[in-house]
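Since this is a predicted model, take the numbers as computed values, not measurements.
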Amino acid sequence: GSGGISKTDSFDVAIEAATNNDTLVASAASPPTAAAAAAPSSDNNTSSDATIAATLQAMEQLVDIFGFTPTVASEAVDAVGPDVAAAYNYILDGGYGEDKGGPVIPKTDCPHVDSRVRVTLEDLCIGHHCSHYRDVKEERAGGGGGLKGEVEYEEDEEGTTRKICPSRENWICLQCNVSRCSRYVNGHALSHWEDTKAKEVALLEAKRRRRCHPCSSDETNNDDDGDAAANESAAENDDNCENINEKTAAAGHCVMVSLSDLSVWCYECSSYLKHPKLDPLLKRLEELKFPSSSASSGGEERQQQQQQGMKGIENEDIVNHEEGKGRAGGKKEADTEAAAQEESSDYSSDDSVAAEAAEAEREASLFWKSNPPPPLPTTLAEMANFINSPRCKSIAVLAGAGMSVASGIPDFRSAGFGMYDTLQPELLTATEIEREAIRADPTTVFEKSMFLQNQLPCLELKRPFILGTVNKTWRATLAHRFVELLHKKTGKLTRWYTQNIDGLETQCTDLPQNKVVAVHGSMGQAHCEICDTPHDFQWFCNAVKTQIKDVTGQDPAAPQTSTPIPCRNCGRNTVKPTIVLFRSNLPAEFFERIRDDLPSVDLLIVVGTSLTVAPANSLVYKVPHDALRLVVNNEPVGVRLGIRYGEESTRDFFGRGKCDEVLLELMCQLGWLEDLKGLVEDLPEESARVLRERIMEEEANGFGGGDGSGADEVLSDG
């Protein structure tokens, strides 16, 4: 209709039409048509203005925060009104758009948690297929709005072929413990709730009728019992049958947990949940999904398993679970350098990564059976010889937070003193609801949906980091200089993949920046999160300095209150450093580069990373089977990904120790010590101290480096 929001109009056209007094009536009880939306309201201009504002605000959130197209957003608002959560679910349940992360603020007062969550810690298990086709008999056999409609087939113990759903994106019902697939498979989680709710409604209605007409017969009494859990739930609610609208009387099995990201969703409330009762269940699921994450807890049961079951260094493998929420996996204090500043964007080492790694390891084993491996370097001197040999033509580096620890960059995740543990939400410029969400999960402040809703908390927490970057408060370490010299002296560096966002690699002026892929973005540049327009970094830093308050209280010149920094192109308050926020996509360059780079790599050097964040950790098993892998870290990592230590190793060399110290030793073996002497004043204090001590040692011994001295100080476990 003329004047309304057409399904083919752009979002800007929709705004223009609405603000030109073409009223958009948006009622959940009576959704408008496009023609009705065009009809002006002369009776209640105030009401119509409020409706227009609510409609446009809902559409803007659907487009800007959740990434739906204007067409889809318009259709959703037209169907269910300007309720963002309802429109969001309308889009996903109907398969009209792709999930971009969900509502940012979890519900903390869901009335269904206490009455509906009955699964115990002992009940929980993972790894099951969706059991819809096995369990459902009298209920509908179809899905509940699934987008794919995919099925697979397997044989049971009796040899009977049966239909199953693909084993991905499953949810567990926290009332009856069944597994059901998500809306992105066949939608059986949704249909489970709908079916159980329908049964409860029918049973409660039957009981209400019996109370009102005790002498009348009830057809429902002749029905078979149906779902046992639904009957049980209805029976427990029998005392509330006089109030059929009581909040939880007929809610069905509405609370479910995702095995993909361990989020909890209530279908009845249409919201993600945060609740103290859920925390033990989520912790147990995390232990089941990432079994080695409990290794650092020191529990007797885990220690017994280590002694009786697994052998060697595999027991040391520690896996952090960061599913977009940065949950600390209990890393040992000695390895805080591998978790200090390695920002992720909701990519984690999960079961799918482990499965890919296992398949790659199987293929590698077959490869080595027909292609006996050459001798593996057992010292850094031998590794230096390999790097200089004709056999080594292409080298890739995968770096994590450990590379930057010596620079003194603030720690985000360490228990007790990291930023996440010391964060005070009440100091942030945010609504009370936003603060509550941040208290529940501090990493919420760096989620994309939160940032698009309110950029100030993110910028306030990043302020010292942003200004420290432009002022070069932190300097490139010896580990950074190793990669620079690797390119300068050998020309064999194919790519440096860094998971760090500190931008310290830009200080390596002898290294072309096209050799670097910042997997999670960089603090050294600025852009608009919405329109992606680049902004001058110096301009952005000046804006941060003068418009964003200092929540640390260390800058007396900082403003007392924060004001938004708008994009100079689109005008939205969404300018930030070019870091990848949680629940955002990684740069396309990362996927393009690994596709082109990895097939020819002869040596992968892994520096200071826990190898728990996917997809960056996939480099470990995507390099060729005959490529060597050098791991530089305080403790062994990546066992789940196929890295082997000790006698089992055929191609993995372990340089145990601090990144600066191990790589300095390697540079000495390569004969690069003279090249480092001129960099002493440019290094951070800790790196400079290590280098000075080594120079004094070499001079005292009369060595110039590169003669093999000190080679036995840092040895491979292989």
Side-chain angles (χ1 to χ4, degrees), residues 341-345 347 387 392-401 403-404 407 469-470 472 474-529 532-538 540 576-580 584-609 613 615-620 622-624 627 629-630 632 659 663 667 670 672 675 679 682:
Q341 176 255 340
E342 195 172 306
E343 292 293 308
S344 89
S345 55
Y347 297 94
I387 291 173
C392 181
K393 299 180 178 65
S394 173
I395 302 174
V397 176
L398 174 61
M403 176 172 273
S404 299
S407 69
T469 299
V470 73
K472 294 188 177 180
W474 304 287
R475 299 179 182 181
T477 67
L478 279 170
H480 291 87
R481 299 301 180 179
F482 164 76
V483 185
E484 181 182 30
L485 286 175
L486 184 64
H487 167 72
K488 181 180 178 180
K489 303 288 286 186
T490 71
K492 296 181 179 182
L493 178 67
T494 297
R495 205 75 58 198
W496 178 2
Y497 295 89
T498 176
Q499 299 172 84
N500 300 332
I501 61 172
D502 50 39
L504 293 182
E505 64 277 355
T506 61
Q507 297 179 20
C508 300
T509 54
D510 287 332
L511 182 68
Q513 287 307 296
N514 63 4
K515 289 287 184 179
V516 179
V517 173
V519 180
H520 299 141
S522 173
M523 291 293 296
Q525 302 174 42
H527 78 143
C528 174
E529 183 69 15
D532 201 34
T533 299
H535 286 63
D536 179 74
F537 189 62
Q538 187 64 55
F540 173 68
K576 67 171 185 60
T578 55
I579 57 175
V580 179
S584 296
N585 294 325
L586 290 188
E589 180 189 20
F590 169 75
F591 300 98
E592 295 167 356
R593 292 295 193 186
I594 62 172
R595 179 193 63 206
D596 297 336
D597 294 345
L598 299 190
S600 61
V601 165
D602 300 304
L603 172 64
L604 174 66
I605 304 178
V606 178
V607 182
T609 171
V613 181
N617 60 0
S618 67
L619 271 67
V620 166
K622 288 184 176 178
V623 294
R629 298 182 296 204
L630 165 60
V632 179
C659 297
L663 292 177
M667 285 188 281
L670 287 163
W672 299 348
D675 299 271
L679 296 174
D682 295 327

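- Between Val632 and Leu663, the closest side-chain pair of non-hydrogen atoms falls below 4.5 Å.
- The line from CG of Asn617 to CG of Leu619 is 8.5 Å long, rounded to the nearest 0.5 Å.
- A donor-acceptor contact shorter than 3.5 Å links the side chain of Asp536 to the backbone of Gln538.
- In this structure, the side chain of Arg629 engages the main chain of Val620 through a donor-acceptor pair within 3.5 Å.
- Residues satisfying the ring-ring contact (aromatic ring centres under 6.0 Å, His included) test with His487, not counting sequence neighbours, are none.
- Between Ala616 and Phe590 the shortest heavy-atom distance is CA-CZ, 3.9 Å.
- Here the side chains of Pro534 and Gln525 are not in contact, with every heavy-atom distance at 4.5 Å or above.
- Judged by distance alone, with hydrogens and angles left aside, the side-chain atoms of Ser404 form no donor-acceptor pair with the main-chain N or O of Ala401 at under 3.5 Å.
- Nearest heavy-atom pair across Thr469 and Met523 is OG1-CB, 3.8 Å.
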As a quick check of understanding, evaluate side chain to side chain donor-acceptor pair (under 3.5 Å) for Ser522 and Thr578, giving each step before the final call. CA-CA 5 Å; Ser522 173; Thr578 55; 5.1 Å; no
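- Within the 3.5 Å criterion, the main-chain N or O of Leu598 finds no donor-acceptor partner in the side chain of Lys622.
- Between Val601 and Ile395 the shortest side-chain heavy-atom distance does not fall below 4.5 Å.
- Note that the CD1 atom of Ile387 and the CG atom of Leu670 stand 5.0 Å from one another [nearest 0.5 Å].
- Using modelled atom types, no side-chain atom of His520 and backbone atom of Ala518 make a donor-acceptor pair closer than 3.5 Å.
- Between the NE2 atom in His527 and the CZ atom in Phe540 there is a gap of 9.0 Å [rounded to 0.5 Å].
- Note that the CD1 atom of Ile594 and the CD atom of Glu592 stand 10.5 Å from one another [nearest 0.5 Å].
- Between the side chain of Gln507 and the backbone N or O of Trp474 there is at least one donor-acceptor pair closer than 3.5 Å.
- No side-chain heavy atom of Leu630 sits under 4.5 Å from any side-chain heavy atom of Leu604.
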Apply side-chain contact (heavy atoms from CB on, under 4.5 Å) to the pair Asn500 and Met403, showing each step before the final yes or no. CA-CA 9 Å; Asn500 300 332; Met403 176 172 273; 4.3 Å; yes
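- No side-chain heavy atom of Trp496 sits less than 4.5 Å from a side-chain heavy atom of Val607.
- Ion pairing between a basic and an acidic side chain is recognised when a charged N comes within 4.0 Å of a carboxylate O; Asp682 and Arg475 show no such pairing.
- At a threshold of 4.0 Å, the pair Asp597-Arg495 counts as salt-bridged, since one of the basic side-chain nitrogens sits closer than that to a carboxylate oxygen.
- A donor-acceptor pair is defined here as one N or O able to donate and one able to accept, closer than 3.5 Å; no such pair exists between the side chain of Thr494 and the backbone of Ser394.
- Listed here is the closest heavy atom pair of Glu589 and Val516: OE2-O, 4.2 Å.
- Note that SG of Cys508 is 9.0 Å distant from CG of Leu679, once rounded to the nearest 0.5 Å.
- Thr609 and Gln499 share a side-chain donor-acceptor pair at under 3.5 Å.
- A pairwise comparison of heavy atoms in Leu504 and Ala476 identifies O-CB, 3.8 Å as the closest pair.
- Checking side-chain atoms of Lys576 against main-chain N and O of Ile579 turns up a donor-acceptor pair under 3.5 Å.
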May I have the step-by-step check of salt bridge (Lys or Arg N to Asp or Glu O under 4.0 Å) for Lys393 and Asp602, ending in yes or no? CA-CA 6 Å; Lys393 299 180 178 65; Asp602 300 304; 5.8 Å; no
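- Glu484 meets the side-chain hydrogen bond (donor to acceptor under 3.5 Å, both in side chains) test with Arg481; sequence neighbours excluded.
- Judged by distance alone, with hydrogens and angles left aside, the side-chain atoms of Lys515 form a donor-acceptor pair with the main-chain N or O of Leu493 at under 3.5 Å.
- Considering CG of Leu485 and CH2 of Trp672, their distance stands at 6.0 Å, rounded to 0.5 Å.
- Between Leu586 and Val519 the shortest side-chain heavy-atom distance falls below 4.5 Å.
- Residues Thr498 and Glu505 are in side-chain contact: their nearest non-hydrogen atoms beyond the backbone lie under 4.5 Å apart.
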